[in-house]
Amino acid sequence: MIQFTEEQLAVRTMVRDLARKAIAPRARAWDEHGQFPDELRRLLTAHDLFVMCLPEDVGGLGFDLTTQCLVLEEIAKADGAAAVTLQDQGTSSHFLLNACTPEQRRTLVPQIRARQLLVAFCLSEPGSGSDAGGLQTRAVREGDEYVLRGQKTWVTNGGPAEWYIVLALTDPDKRTRGGISAFLVDRDAPGVQLGPPMKKMGLRASATVDLFLEDVRVSAARRLGAEGQGFAYVMKTFEASRPQVATLGLGLAEGAYDYALGYAKERHAFGKPIAEFQAIQFMLADMATQIEAARLLVYQAAQMFDAGAPDLTYYASLAKLFATDAAMRVTTDAVQILGGAGYVNEHPVERMMRDAKVTQIFEGTNQIQRVIIARHILG
Ligand SMILES: Cc1cc2nc3c(=O)[nH]c(=O)nc-3n(C[C@H](O)[C@H](O)[C@H](O)COP(=O)(O)OP(=O)(O)OC[C@H]3O[C@@H](n4cnc5c(N)ncnc54)[C@H](O)[C@@H]3O)c2cc1C
């Protein structure tokens with residue numbers, strides 16, 4: 001059985017209340033509007049949640065990964081787009097903690113809280129997603145600076161974010177074996193351009209853009225960590241960010257299940273509540289089973305991370321794969337339980353189903369998670 005501390009449960013109660021009162025009632029309008037809501041940023045900032053992944057000594061809330069996942073689960077139950085906005089800041093925060101030198105940790109990281117910054121994470125490119133090491137963006141050293149040139153895509157929080165963590169080739173011959181480095185790029189730096197928000201199937205209130213870098217000069221002091229270690233920092237970051245994305249799946253599944261369960265008790269057909277039909281009962285039973293199994297894998301991965309256990313990549317992949325596949329199945333069944341009503345946006349389950357799809361794709365597709373799991377098993 002997964003157990004939580006009193007402190008973790010208190011945070012969950014606080015965020016559950018926030019999600020129910022301030023996020024769930026706005027989720028449909030945010031989705032319809034299809035733009036990053038400033039209102040959401042203000043709300044999450046007011047509760048310091050954008051710095052929940054940072055330790056207290058650099059201005060953060062100092063939540064462990066288990067608590068971070070509890071927060072994301074509650075928000076994802078209410079709104080997937082709000083949850084991914086927060087989760088992406090989590091990927092960037094964990095990356096900075098893995099990469100920054102002691103000096104950068106002291107000077108750069110505290111600015112996130114002090115200046116209320118959003119930090120986007122830019123690994124993917126038009127020609128390289130799963131094959132992340134195939135990136136083409138170049139960073140060439142010139143004196144005390146690097147000159148960056150290339151294109152990043154699928155940048156979550158792109159636009160609202162003031163800072164961009166950019167992975168670029170510093171040694172094309174070495175690539176993932178010491179040839180990729182990370183840089184902190186300002187949105188307002190000369191040569192930086194952002195594309196228009198992408199029109200997505202789901203997570204419509206989350207900003208996603210292309211990032212164009214045309215001879216952008218970045219001080220060597222803003223190369224994050226050691227030259228050539230960028231890819232290693234990314235892999236380490238996934239140990240935390242994949243359980244977080246798994247939690248998005250878990251929360252979406254729970255949100256859809258709760259709604260479908262309530263609907264099944266109220267909706268009548270053939271003179272009785274549809275919950276009395278075994279076909280509906282079995283769907284609900286399968287949904288509950290998927291959710292409970294996902295919860296165990298998610299919090300196992302998070303608690304192992306917090307305990308500094310070995311093989312975190314493997315456990316993070318198990319959680320990400322199962323919880324996000326469960327999210328797709330459960331949200332799809334929730335739409336089915338609502339019948340025609342499930343197909344229109346008067347009810348939240350169609351939005352949850354659209355939002356769930358991408359959890360199987362980003363932070364490493366679920367095919368890639370299977371590759372990682374199989375590699376671990378077979379050696
Ligand atoms: C809404 C959204 C937000 C995102 N946010 C970010 C972000 O903030 N930062 C960022 O860097 N990236 C982000 N991404 C990018 C995301 O991580 C990639 O989309 C993902 O890694 C897959 O890459 P791809 O889209 O290029 O697909 P491809 O790599 O082209 O894959 C296409 C298909 O081939 C399969 N495939 C590829 N290689 C293998 C293999 N070896 N074995 C088996 N199957 C394989 C894949 O599973 C997939 O089904 C985001 C994506 C989306 C859709």
Side-chain angles (χ1 to χ4, degrees), residues 31 34-36 50 76 79-96 99 118-137 150-168 176 180 182-185 187 194-213 224 230-231 233-235 237-238 240-242 244-246 248-249 252 316-317 320-321 324-325 327-328 351 354-375 378:
D31 179 69
Q35 284 179 9
F36 181 90
F50 283 123
D79 183 19
V84 81
T85 297
L86 186 56
Q87 189 285 317
D88 186 69
Q89 181 87 342
T91 299
S92 298
S93 302
H94 282 281
F95 186 91
L96 290 170
L118 281 183
V119 189
F121 179 72
C122 315
L123 173 64
S124 303
E125 298 187 0
S128 59
S130 303
D131 179 17
L135 58 82
Q136 297 296 329
T137 296
Q151 181 185 345
K152 294 292 173 179
T153 191
W154 305 118
V155 180
T156 300
N157 288 346
E162 289 82 6
W163 280 359
Y164 295 78
I165 295 169
V166 173
L167 279 298
T176 56
I180 294 173
F183 299 89
L184 191 59
V185 176
R187 179 182 57 195
L194 295 166
M198 296 183 190
K199 297 197 183 306
K200 305 191 295 295
M201 171 196 285
L203 298 182
R204 289 187 183 158
S206 150
T208 316
V209 300
D210 285 315
L211 172 76
F212 301 91
L213 302 148
L224 298 168
F231 201 73
Y233 301 140
V234 171
M235 293 301 122
T237 299
F238 285 151
S241 64
R242 283 183 177 150
Q244 290 183 338
V245 169
L248 259 51
L252 282 164
S317 287
K320 200 276 179 181
L321 169 63
T324 60
D325 277 357
M328 201 62 237
R351 188 187 75 242
R354 287 187 283 108
D355 289 352
K357 183 61 216 171
V358 77
T359 65
Q360 296 178 300
I361 295 171
F362 57 27
E363 222 71 7
T365 67
N366 284 4
Q367 285 71 38
I368 294 300
Q369 304 312 317
R370 287 179 172 91
V371 169
I372 294 167
I373 293 164
R375 197 183 294 147
L378 298 168

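No experiment lies behind these values; they were computed from the predicted model shown. We number each residue from 1, following the sequence as shown. Atoms within each ligand, like the ligands themselves, are counted from 1 in listed order.
Within the model, atoms CG of D79 and CG of L86 stand 11.5 Å from one another, a figure rounded to the nearest 0.5 Å. For the atom pair W154 CH2 and M198 CE, the distance stands at 5.0 Å (nearest 0.5 Å). Note: F95 CZ to F238 CZ = 10.0 Å, rounded to the nearest 0.5 Å. For the atom pair CG of L96 and CG of L184, the computed distance is 6.5 Å after rounding to the nearest 0.5 Å. To the nearest 0.5 angstrom, F183 atom CZ is 11.0 Å from T137 atom OG1.
Closest to atom 42 (N) of ligand 1, if we only count protein heavy atoms, is V371 CG2, 3.9 Å. If you check which protein heavy atom lies closest to atom 41 (N) of ligand 1, you get I368 CD1, 3.9 Å. Among all non-hydrogen protein atoms, the one lying nearest atom 20 (C) of ligand 1 is I361 O, 3.6 Å. The nearest heavy-atom contact from the protein to atom 37 (C) of ligand 1 is S130 OG, 3.5 Å. Among protein heavy atoms, the minimum distance from atom 2 (C) of ligand 1 is reached at F362 CD2, 3.7 Å. In terms of protein heavy-atom proximity, atom 25 (O) of ligand 1 is nearest to W154 NE1, 4.2 Å. Of all protein heavy atoms, the one closest to atom 26 (O) of ligand 1 is G129 CA, 3.3 Å. Scanning all protein heavy atoms for the shortest distance to atom 18 (C) of ligand 1 gives S124 OG, 4.2 Å.
For the pair T153 and ligand 1, the shortest N or O to N or O distance does not fall below 3.5 Å. Residue contacts with ligand 1: F121 is placed with a nitrogen or oxygen under 3.5 Å of a nitrogen or oxygen of the ligand (distance criterion only). Checked by distance only, ligand 1 and S128 stay at 3.5 Å or farther apart across all their nitrogen or oxygen atoms. The shortest N/O to N/O separation between T156 and ligand 1 falls below 3.5 Å. When only interatomic distances are considered, the shortest N/O to N/O separation between T208 and ligand 1 does not fall below 3.5 Å. For ligand 1, the polar-atom distance check finds an N/O of Q367 within less than 3.5 Å of one of the ligand's N/O atoms. Between G364 and ligand 1, no pair of N/O atoms sits closer than 3.5 Å.
Proximity of atom 47 (O) of ligand 1 to the protein is indicated by at least one non-hydrogen atom lying closer than 4.0 angstrom. Of the protein's heavy atoms, none falls inside 4.0 Å of atom 35 (C) of ligand 1. Using a 4.0 Å threshold on non-hydrogen atoms, atom 39 (C) of ligand 1 counts as touching the protein. Distance screen at 4.0 Å: atom 23 (O) of ligand 1 has a protein heavy-atom neighbour inside the cut-off. For atom 4 (C) of ligand 1, the nearest protein heavy atom is under 4.0 Å away.
A side-chain donor from one of N366 and T324 sits under 3.5 Å from a side-chain acceptor of the other. Residues N157 and Q89 have side chains that never bring a donor and an acceptor to within less than 3.5 angstrom of each other. Between the side chains of E363 and T91, a donor-acceptor pair is found at a separation under 3.5 Å.
Q244 is listed as a side-chain neighbour of H94, based on a closest heavy-atom distance under 4.5 Å. Taking the side chain as every heavy atom from C-beta outward, F50 and L118 approach each other to under 4.5 Å.
Taking every non-hydrogen atom of T365 and a distance limit under 4.0 Å, the qualifying atoms of ligand 1 come out as 22 (C), 46 (C), 47 (O). Numbered from 1 in the order shown, with element, the atoms of ligand 1 that lie under 4.0 Å from a heavy atom of K200 read 1 (C). Contact atoms of ligand 1 toward D88: 8 (O) (distance under 4.0 Å to a heavy atom of the residue).
Partners of Y164 according to the ring-ring contact (aromatic ring centres under 6.0 Å, His included) rule, which considers only residues two or more places apart in sequence or in another chain, do not exist here. For T153, the side chain to side chain donor-acceptor pair (under 3.5 Å) partners at least two apart in sequence or on another chain are D210.
Counting heavy atoms closer than 4.0 Å to ligand 1, residue N157 contributes nothing at all. In E363, the part holding a heavy atom less than 4.0 Å from any atom of ligand 1 is the backbone. At a heavy-atom cutoff of 4.0 Å, ligand 1 is contacted by the side chain of V358 but not by its backbone.
Heavy-atom separations between R370 and ligand 1 are all 4.0 Å or longer. The shortest separation from a heavy atom of L203 to ligand 1 is not under 4.0 Å, leaving the residue out of contact.
Looking at every heavy atom in both residues, A120 comes nearest to S92 through C-OG, 3.5 Å.
A salt bridge is defined here as a Lys NZ or Arg NE, NH1 or NH2 lying under 4.0 Å from an Asp or Glu carboxylate O, and K320 with D325 fails to meet this definition. Salt bridge status for E125 with K152: present, with a side-chain N to carboxylate O gap under 4.0 Å. Between R354 and D31, at least one side-chain nitrogen of the basic residue sits less than 4.0 Å from a carboxylate oxygen of the acidic one, meeting the salt-bridge criterion.
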